[in-house]
Amino acid sequence: MLSLLAFALLATAFSFATPITNHVVHEKRSVAAASWSLSHRASPDSPLPLRIGLKQSNIDKLYDELLDISHPDSPNYGNHWSAQQVADYFRPGVETVNAVKGWLVDSGFEHQRMRLAKGGQWLEMNVTVAEAEELLKAEYHVYEHPSGRKHHACNSYSVPAHIQEHIELITPTVAFDALIAPPKRTVPFSKRKRSPATPVPGAAKGLGDPSSGNGPKLLPGSSGKLKGIITELEQCDEFITPVCLQTLYDIIYKPIATHKNSYGITEFTPQSYLPADLDMFFKNFSKSQIGQRPNLISIDGGELQTIEESFNFNGESDLDLEYGMTLTNPQPITLYQTGDIPEGASFNNLLDALDGSYCTFEGGDDPTQDGIYPDPLKGGFDKPESCGIVKPANVISTSYGMNEADASLFYAQRQCSEYGKLGLMGTTILYSSGDDGVAGFGNECIFPNGTQGVGGTRFNPSFPGGCPFVTSVGATQVNPGSSVFAPESACEQVIFSGGGFSNFFSIPSYQKSQVASFLKNHPPPYTSAQFNNSGTSRGFPDLSANGANYVIAIDGEFELVFGTSASSPVVGSILTLVNDARLAIGKGPIGFINPTIYSEGFRDAFNDITTGGNQGCGTPGFTSAPGWDPVTGLGTPNFLKLLAKWLILP
Ligand SMILES: *[C@@H]1O[C@H](CO)[C@@H](O)[C@H](O)[C@H]1NC(C)=O
Ligand SMILES: *[C@@H]1O[C@H](CO)[C@@H](O)[C@H](O)[C@H]1NC(C)=O
Ligand SMILES: *[C@@H]1O[C@H](CO)[C@@H](O)[C@H](O)[C@H]1NC(C)=O
Ligand SMILES: *[C@@H]1O[C@H](CO)[C@@H](O)[C@H](O)[C@H]1NC(C)=O
């Protein structure tokens, strides 16, 4: 006892003798590292590849810069940036690099040991455990994983106070993510049953797997198969075909500038389209397109798999392409087929392919969420990840989503900023808002302790639709028994339009007044325990389009499907036609549309949806109302009105 005390005193006295630097804790581990066990104290001379993630410049100005080129009242409207301009603007500044290097030099490291990595976002240096412990006032231990892997980690680390503003994070320190092998599929997907399993919680990389809960839905208990002949325009309440959509949204236009234009549709493997299905659909609804195919861009080994052919594996891709291609004919469609068969992929994998500067940005992808390439799994894509392999299309529609609560705030913010950067480059990013109303995938809601499950009471918003730099698309329906010319309602058949308020992102200025009017004039009967009702969080969706009773050709049959999965490519098609008309007269693409569609001048370009709700979490959800609402957004687009308005913008 005495000797211990003496040792403690001695240690205290000794620490007073060392020079006092004003260190502050930069990161500490809040949760225990699941499945890793503490083995022993790290040996002082073990090597550590230290990587210091540098803070980017100007990230706080992203919103204002984007608004400056996207708000219709701005003199800079439409002045999109090049990819190089974007990369340069956000690259960590010279002061940041110098400040961090200065700290390392002062701590006794020679310049020659440091290296600035690709993209200028990381400073790398090989050190020993002893050097890292002194530099970061940390204590390293070795942890072991049941797989036999070992990992060096500390519980917290510190940096001088004046350095903190220049760095994002340092590795290896508190995080364990980087070394956990991607989870193995328990059942090879080729042997999985047809019906979707429960969603995989917390991981984005399996987006194309039926168990993710993505994809269009069939009428429960029905095969969805259609019998008999349908008389198209008379039966849009029962069967949506292209002519119904053209009639609903005044889509009267034949593209003339296809060589200048581009429309991208994202699919995550193992989702894939079947060529015979496209032709079957074209044969009935757009004969001249028989034989037409999208231009496939393979991202991280993305391929059109044919091991498994069923509704759950072909439904989304067939739907998106059949409607996207028909409504924009003859515009060639770019298909971003993302992820290999064994591992799959996430939104970040898509974004890496569209913007090379994103691949390593702020530490790169998260192995617990994103597909990691080269894929370590057997038979996987064994080449380097697809970084900046394709120029982003003018409009990109993605009918996949995840629960915001499945992402960490840092993960969601990092990805959201990237959508903002693509907006700066002039790309319109559309995401479906989800099919479970105010609930998350599988009707899961949030419990007071933050976990998700059926029976949770807090609404469970979707991501990335809640990111303010994304345009989120909800679903409507032609009411049963109504004509195609009657007003639509929020979709209440089979699916409910995803909508609500983000728990992560605060309200962007462009939607402030509309969201405030909704909350004031139609206050939802819920408490702040159910959703963020303060009027200070991002509301979604932004707009909507029909999502009920789509006739699609799939696996050699015509079937009827439902979902915001259908709505997003339809809105994408309409915006692609607007771009065509602008490009034809020498103007640029419309880019990030939110500041425009919420602006005063566009108020009457939408068919306001005022009936129907989006039930979930044991409640009726929100209710559509005049003006913006968290069920159908601003309403459904009227192509001719949008065209007229966008043609007079610069
Ligand atoms: C660190 O060591 C590894 C392995 O020897 C080497 O490949 C890498 O280039 C070194 N990094 C730096 C910044 O010197
Ligand atoms: C497709 O066309 C065939 C031949 O005209 C017709 O028998 C069938 O009913 C049509 N299917 C649909 C879903 O319109
Ligand atoms: C959170 O709360 C739910 C519902 O009460 C419960 O089922 C779950 O076990 C809790 N989870 C944790 C980690 O406490
Ligand atoms: C509501 O959202 C705002 C903006 O994101 C946030 O500052 C606030 O803390 C949230 N309120 C609650 C109760 O979560």
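Keep in mind that this is a model prediction, so the values were computed, not measured. Both ligands and their constituent atoms are indexed starting at 1 by order of listing.
Below 4.0 Å from some heavy atom of N284 lie the following atoms of ligand 2, by number and element: 1 (C), 2 (O), 3 (C), 8 (C), 10 (C), 11 (N), 12 (C), 14 (O). The contact set between ligand 2 and F285, taken as ligand atoms under 4.0 Å from a residue heavy atom, comprises 14 (O). For ligand 1 and N126, the ligand atoms under 4.0 Å from any heavy atom of the residue are 1 (C), 2 (O), 3 (C), 8 (C), 10 (C), 11 (N), 12 (C), 14 (O). Listed by atom number, the atoms of ligand 1 under 4.0 Å from E124 heavy atoms are 13 (C).
Taking the centre of each ring, F501 and F622 come in below the 6.0 Å mark. Annotation: Y550 is not in aromatic contact with F562 [ring centroid separation under 6.0 Å not met].
Contact residues of ligand 3 (protein heavy atom closer than 4.0 angstrom to a ligand atom; sorted by chain and number): F447, N449, T451.
Classification of the F531-F459 ring pair by plane angle, with boundaries at 30° and 60°, yields parallel. Using the six-membered ring where Trp is involved, F558 and F285 have ring planes that are perpendicular, over 60° apart on the 30 and 60° scheme.
A cation-pi arrangement is present between R414 and Y358, with the terminal nitrogen or guanidinium carbon under 6.0 Å from the aromatic centre and inside a 45° cone about the axis.
Checked against a 3.5 angstrom limit, the closest N/O atoms of R115 and ligand 1 fall inside it.
Screening L327, T241, L233, I252 for a side-chain contact (heavy atoms from CB on, under 4.5 Å) involving Q246 leaves a single residue, L327. When T451, T457, N403, N460 are each tested for a side-chain contact (heavy atoms from CB on, under 4.5 Å) with I446, only one passes: N460.
For Q164, the side-chain contact (heavy atoms from CB on, under 4.5 Å) partners two or more places apart in sequence, or in a different chain, are V24, H26, V159.
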